[in-house]
Structure formats: C-alpha cells, structure tokens
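Worksheet: the structure to be examined is printed underneath.
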Amino acid sequence: MSSDIFSEVKDTGYREELEEINSEEFFKVIKSRRSVRVFKDEPVKHEDMQKILDAAILAPNSSNLQPWEFYWVKNESKKSELVKACLSQPAAATAPELIVCIARTDTWRDNAKEMLELLNKKEGVPAAAKSYYQKLVPLVYTQGPLSIFGFFKRLAIFITGFKKVTPREPVSNSQMITWATKSTALGCENIMLAARALGYDSCPMEGADSKRIKDILHLGSGAHLVMVISIGKRDEKGVYGEQIRFDRKKFIKILE
C-alpha cells in the first residue's frame, strides 16, 4: 500500500467560506452534555430529530466511505422491543426517541463506487483522487474470506515497513470492525452534541443485546452495533450525580 497519495497536495481551485463561531456557546454545549438516565414525558420535535440525524452524517469519516447507519426507531412495536433489548434501563424506557448507531463493514465497496461516480462528474478533480477510490480503496479494505487476503497484506506491510512509513491497518475482518466503528463513533458524538445544542439531552447506551437489536432491525453480519442513543428533555432526576473526571495529567500528554 503506497503512502505517496497521502503526501500529495493539490490545489483543486475549490474555496469555502469559513464561518464565525461563538466559542463560548460551543464549549457550553460540550460541558452541559451529560448522560441523562431519566427523561421527561415530552416529545422531541420532528424537525429537530432530522437536524440531529443530519449532524450525524456530517461527521468526519475514513476516506469518506461513510461506513455507518443510524436508525431512528419510531415504530412503537419495534421501539418497545428495542427498550427490552437495552435491558429496559430507564435511559431507554423513558426516552421519547431512540437512535440505533450501526457500523458497516460491508458497504465500503458500493460507497467507493458512488464516490468515484461523483468525482467523475466534477471538473478539476485530481487524477490521484479518482485513482484512490478506483485502486487503493479496494486494496486497503478487501480482506477476503477468513481474512486470507488480509493475512498476505499483513506480511507485505511487515516487510515494507522496515524500509518506509506504511499504513498498517486494516488487515483483518476484525480490524475492519474497528475501522468502521471509529467513524461511526464520531457520528454518535455529533448526535449527542447536536441534541444538546437544540435543548435536548441524550444517553449513549452500550448495555444492550446486540443480537436482538440486529434481529429487530433485520441486519446481517456486516452490521455491528456501536451504541443506542436516547434523546429527550432531561428530567430533574435525570442526572445521577456530579460529573467526575480524573486529573487531566493522567490522560493529556504534552511532548516538548
């Protein structure tokens, strides 16, 4: 896998206006986002849910292959099943809305094809960008049955890595799950921050029966549950305690 494409800088001629940001309001959204366990019996506006979902797919993602799906479960029967699959925890049972966040390891090929079709319709797109989706993407993400192709890639990367800097993952089906989950998790964060910005709260739930949820949504082996996010208005009893974070020195490392 060549790393040359990552070092190429091309001026495509495209320019985008940079919007002014109210930094105080931005950090207020981040600081006031809490994992809310109990919600009020108040609806979330339909248009606000659409904005929240739109925010999810604006998240950065690997190679713009968008390996995610976000299911807004409105059907009452399915929602009841989903609550049970989330262990009937209050964060799910009291939530007006639930979003199931799924990482996909089986959509990259179709999405790469769509990206290439879109690039071919645009003028001034560098040949390297088209080549990336046409040649490099299949090489990077194809793993083969039982990760057999990934195994040979691992060997090639091991040898190449002695001589030059080389991207080393993904080289297995399990690493593909990690790859897709990382992008999907970024979308999940956008969901929760967008909800807070619109005056709602949320709770990211990992405590759930992933198999049952996939059955509810009729999903196959290429779909992987990342989390279920509840959305609603915070009940006064919704936050169980003061936010606890350990000393930042434990996690923030500054190399001087």
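The backbone N or O of Thr142 sits less than 3.5 Å from a side-chain atom of Lys153, completing a donor-acceptor pair. The backbone N or O of Trp108 sits nowhere less than 3.5 Å from a side-chain atom of Asp110 that would complete a donor-acceptor pair. Between the side chain of Asn190 and the backbone N or O of Ala55, at least one donor-acceptor pair lies under 3.5 Å. At least one donor-acceptor pair under 3.5 Å links the side chain of Asn120 to the backbone N or O of Leu116. At least one donor-acceptor pair closer than 3.5 Å links the side chain of Thr94 to the backbone N or O of Pro90. In terms of modelled atom types and a separation under 3.5 Å, the side chain of Gln89 and the main chain of Gly207 share a donor-acceptor contact. Remark: side-chain polar atoms of Thr181 are paired, donor with acceptor, to backbone N or O of Ile177 under 3.5 angstrom. No side-chain donor-acceptor contact under 3.5 Å links Lys163 to the backbone of Ile159. Ser230 places a side-chain N or O within 3.5 Å of a backbone atom of Ala91 that can act as its donor or acceptor partner.
Both Leu119 and Leu136 belong to a common hydrophobic cluster when Ile, Leu, Val, Met, Phe, Trp and Tyr are linked at side-chain heavy-atom distances under 4.5 angstrom. Side-chain heavy atoms closer than 4.5 Å link hydrophobic residues (I, L, V, M, F, W, Y) into clusters, and following such links, possibly through other members, connects Met192 to Met49. Hydrophobic clustering (ILVMFWY, side-chain heavy atoms < 4.5 Å, transitive): Val38 and Met205 are in distinct clusters. Under a hydrophobic clustering in which Ile, Leu, Val, Met, Phe, Trp and Tyr are joined whenever their side-chain heavy atoms come within less than 4.5 Å, directly or via other members, Ile148 and Leu155 fall into the same cluster. Following chains of ILVMFWY side-chain contacts shorter than 4.5 Å, one cannot reach Leu225 starting from Met227, and the two form parts of different hydrophobic clusters.
Of the residues Ser147, Ser172, Pro170, the one that meets the side-chain contact (heavy atoms from CB on, under 4.5 Å) test with Arg154 is Ser172. A side chain to side chain donor-acceptor pair (under 3.5 Å) with Asp201 is found for exactly one of Lys40, Arg37, Arg196, namely Arg196. Screening Ile229, Ile216, Leu217 against Val100 for a side-chain contact (heavy atoms from CB on, under 4.5 Å) leaves a single residue, Leu217. For the side-chain contact (heavy atoms from CB on, under 4.5 Å) criterion with Glu69, the lone passing option out of Ile57, Leu219, Thr184 is Leu219.
The two residues Pro96 and Val44 make their nearest non-hydrogen contact at CB-CG2, 4.2 Å. Closest non-hydrogen pair, His218 versus Lys78, comes out as NE2-NZ, 3.7 Å. Heavy atoms only, all atoms of each residue included: Ala93 and Val83 are closest at CA-CG1, 3.8 Å. Listed here is the closest heavy atom pair of Val137 and Leu65: CG1-CD1, 4.1 Å.
Heavy atoms from other residues, nucleotides or ligands lying under 6.0 Å from CG of Asn22 number more than 12. Taking a 6.0 Å sphere around CD of Glu117, one finds it holds more than 12 heavy atoms contributed by other residues, nucleotides or ligands. Within 6.0 Å of atom CD in Glu206, 12 or fewer heavy atoms from other residues, nucleotides or ligands are found, so the atom counts as exposed in its surroundings. Within 6.0 Å of CZ in Phe151 there are 12 or fewer heavy atoms belonging to other residues, nucleotides or ligands. Heavy-atom contacts from other residues, nucleotides or ligands closer than 6.0 Å to CZ of Arg212 number 12 or fewer. Surrounding NZ of Lys130 are more than 12 heavy atoms belonging to other residues, nucleotides or ligands, all under 6.0 Å away. Within a 6.0 Å sphere centred on CD of Glu114, heavy atoms belonging to other residues, nucleotides or ligands number 12 at most. Other residues, nucleotides and ligands place more than 12 heavy atoms under 6.0 Å from the CZ atom of Phe251.
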Could you go through the side-chain contact (heavy atoms from CB on, under 4.5 Å) check for Gln243 and Arg245 one step at a time?
CA-CA 7 Å; Gln243 188 177 61; Arg245 290 295 184 268; 3.7 Å; yes
Stepwise side-chain hydrogen bond (donor to acceptor under 3.5 Å, both in side chains) check, Tyr14 with Glu16
CA-CA 7 Å; Tyr14 176 75; Glu16 189 167 288; 2.6 Å; yes
Steps toward side-chain hydrogen bond (donor to acceptor under 3.5 Å, both in side chains) verdict (Thr105, His224)
CA-CA 8 Å; Thr105 55; His224 311 276; 3.1 Å; yes
Candidate pair Ile191 and Ser202, rule side-chain contact (heavy atoms from CB on, under 4.5 Å), full reasoning
CA-CA 9 Å; Ile191 286 174; Ser202 62; 5.9 Å; no
Between Tyr141 and Met176, does a side-chain contact (heavy atoms from CB on, under 4.5 Å) hold up when you go through it step by step?
CA-CA 8 Å; Tyr141 299 112; Met176 285 295 290; 3.8 Å; yes
How far apart are the C-alpha atoms of Lys237 and Asp235, what are their side-chain angles, what is the distance that settles it, and do they pass the salt bridge (charged side-chain N to carboxylate O under 4.0 Å, His left out) test?
CA-CA 5 Å; Lys237 305 183 296 296; Asp235 186 86; 3.1 Å; yes
Evaluation steps, side-chain contact (heavy atoms from CB on, under 4.5 Å), between Arg104 and Ile102
CA-CA 6 Å; Arg104 300 296 306 226; Ile102 298 291; 3.7 Å; yes
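A donor-acceptor pair shorter than 3.5 Å can be found between the side chains of Ser62 and Trp179. A donor atom on one side chain and an acceptor atom on the other are found under 3.5 Å apart for Gln66 and Asn64. Looking at Ser63 and Tyr132, their side chains do bring a donor and an acceptor atom within 3.5 Å of each other.
In this structure, the side chains of Glu25 and Lys28 come closer than 4.5 Å at one or more pairs of heavy atoms. Looking at Pro204 and Cys188, their side chains never come closer than 4.5 Å, going by heavy atoms from C-beta outward. Under the 4.5 Å side-chain criterion, counting only non-hydrogen atoms from C-beta, Cys101 is not in contact with Trp68. Between Val125 and Lys122, some side-chain heavy-atom pair lies under the 4.5 Å cut-off. A 4.5 Å side-chain heavy-atom check between Val73 and Ile99 finds every atom pair outside the cut-off. The shortest distance between side-chain heavy atoms of Val228 and Ile213 falls below 4.5 Å.
Atom CD1 of Ile157 and atom OG1 of Thr166 lie 7.5 Å apart (nearest 0.5 Å). Atom CD of Glu169 and atom OG of Ser174 lie 10.5 Å apart (nearest 0.5 Å). If you take CG on Leu82 and CD on Glu76, they are separated by 11.5 Å, rounding to the nearest 0.5 Å. Summarising the geometry, atom NZ belonging to Lys84 is positioned 13.0 Å from atom CG belonging to Asp209; distances are rounded to the nearest 0.5 Å. Here CG of Asn111 is found 9.0 Å from CG of Asn61. Values are rounded to the nearest 0.5 Å.
Figure legend: Lys233 and Tyr200 shown as a cation-pi pair, the cationic atom lying under 6.0 angstrom from the six-membered ring centre and within 45 degrees of its axis.
Taking the six-membered ring for Trp, Trp72 and Phe70 have ring centres at least 6.0 Å apart.
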